[in-house]
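Report on the structure given below.
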Amino acid sequence: MSSRLGSTPMMKYISTRGNAPELTFEDVLLTGLASDGGLYVPKEAPHYTLEEIESWRDLPYTELAHKIVYPFVEGCVDADALKGMLEDVYNNTNFGHKAIAPLQQLDNNEYVLELFHGPTLAFKDFALQLLGRLLDYVVTRRKEKVVIMGATSGDTGSAAIEGTKACDNVDIFILHPYGKVSEVQRRQMTTVEGDNIYNIAIEGNFDEAQDMVKASFGDQSFLRGERKLVAVNSINWARIMAQIVYYFYSSLNLGGPVRPMAYSVPTGNFGDIFAGYMARKMGLPIEQLIIATNNNDVLHRLMSKNQYEVRSLKHTITPSMDIAVSSNFERLLFDLYDRDGARLAGLMAKMNARDDVVSLDEDKLAKARELFDSLAVDEQTTVETMQLVYNETGYLLDPHTAIGVKAARECRRNPNIPMITLGTAHPVKFEDAVGRAGYEMPELPHHLTDLMEREERLTVLPSDLETVQQFIADNTFRD
Ligand SMILES: *Cc1c(COP(=O)(O)O)cnc(C)c1O
């Protein structure tokens, strides 16, 4: 990467199903799903030598982020503009901890990487804070305006709203099921100030809200052709890109890259752990990646038994990992199947048909197992792990992170390699689990102490597509 000849290299992105146009970063940012149904990945990821990585050892988070992110956006985003965005995102007023992603030690060679010091107290802030600024930069330059529409049952909505509040040319409409989101989570969405933010509480359940979002993406005519809808869910490449940074950061802080690391990742949609896979591909020595799931264990069944079978969603005390299908897993499959898009398209068609149990080719699965292990952790074990770690250290884990720690301890291959569990959320967001473990709710972190007093803004609407679309159109054309 360090020496380049000729014209500016602009990274190209290709679809995992091999039948959609190659795009630049800018188009990938605005596109979401590829036209052939696949997901976009870099055509060629940058690769760094150990010496290059070593030379980044003392960089603060923001500067390291610039090293990692810039090659993915080069040619679309100016280097100085990116620097400004990163400084705006990863600083001590936005993140409540100066180290941005600090490490907490649990035991000898065992750590939690705290990714919950951002404005909404979950790791999604790392990506969505940057995504909002990148979107605004790109659409402003194109003299366009876009509308973000999404449905949430918790974390993603608040992180997306916080990430877009300062955008001039992005309006955001987030639907949540009325009365079915915890108070902290609701307040994290409804107390954000900004006249481009609309919280819609739907008199219905999450699935109804999600269906209205899907229908709106499918037929955007209610926007009368003057605006485009943009998705900010975890299939958006820009989110993965931003998450690669903290793998490098944590490794460098624990003596990498000379020393390899192992990571355990509380997993739902496979976005966060795929960022770890990317870090390894870019040259960071990672010995092991552990897929830690709750009882929504479609990936664990595949990894352990080579049986891919989609089951209906179960609601658990770790709601941010409640998924039936892990969309980003397709990005890994693409590499396992030697980037053969046509073959992958066939495999995905079988996997998505859901009428049969699908198996991977044994050699492909064997390749995945060289790096990945997996474990599914039930609710009782999750709560017991919160108690165990509290008794050992006085440190209260959020339930998602507890699943990661349990899997780290069960699946660890080499005790001499530092094991880092990604701490994906702050426990204050998950009252049910904290209560079940028998603890008082922790205090809100210092940058959020007045959350319960802040003024809320939301609009309650019936679960009716036309009403919701009318509301969006009316508020989008206000200027
Ligand atoms: C989103 C989320 C996860 C799952 O991350 P994926 O990238 O979807 O695998 C885990 N824990 C928390 C707290 C989350 O918000």
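Both ligands and their constituent atoms are indexed starting at 1 by order of listing.
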Within a radius of less than 6.0 Å around CD of Glu453, do more than 12 heavy atoms belonging to other residues, nucleotides or ligands occur?
yes
Given ring pair (Phe, Tyr, Trp, His ring centres under 6.0 Å), test Phe95 with Phe126 step by step and report yes or no.
CA-CA 9 Å; Phe95 278 69; Phe126 277 82; 5.0 Å; yes
Does anything in residues 273-332 pair up under ring-ring contact (aromatic ring centres under 6.0 Å, His included), and if so which pairs, sequence neighbours excluded?
Phe270-Phe329, Phe274-Tyr277
Between Phe123 and Phe116, is a ring pair (Phe, Tyr, Trp, His ring centres under 6.0 Å) present by the stated rule, with each step listed?
CA-CA 5 Å; Phe123 84 88; Phe116 49 72; over 10 Å; no
I need the single residue from Arg409, Gln104, Gln105 that forms a side-chain hydrogen bond (donor to acceptor under 3.5 Å, both in side chains) with Glu110. Which is it?
Arg409
Applying a heavy-atom distance cut-off of 4.0 Å, which protein residues contact ligand 1?
Phe123, Lys124, Asp155, Pro266, Thr267, Gly268, Asn269, Phe270, Gly271, Asp272, Ser320, Met321, His400, Thr424, Ala425
Side-chain contact test, heavy atoms from C-beta onward, threshold under 4.5 Å: evaluate it for Asn294 versus Thr382 and give yes or no.
no
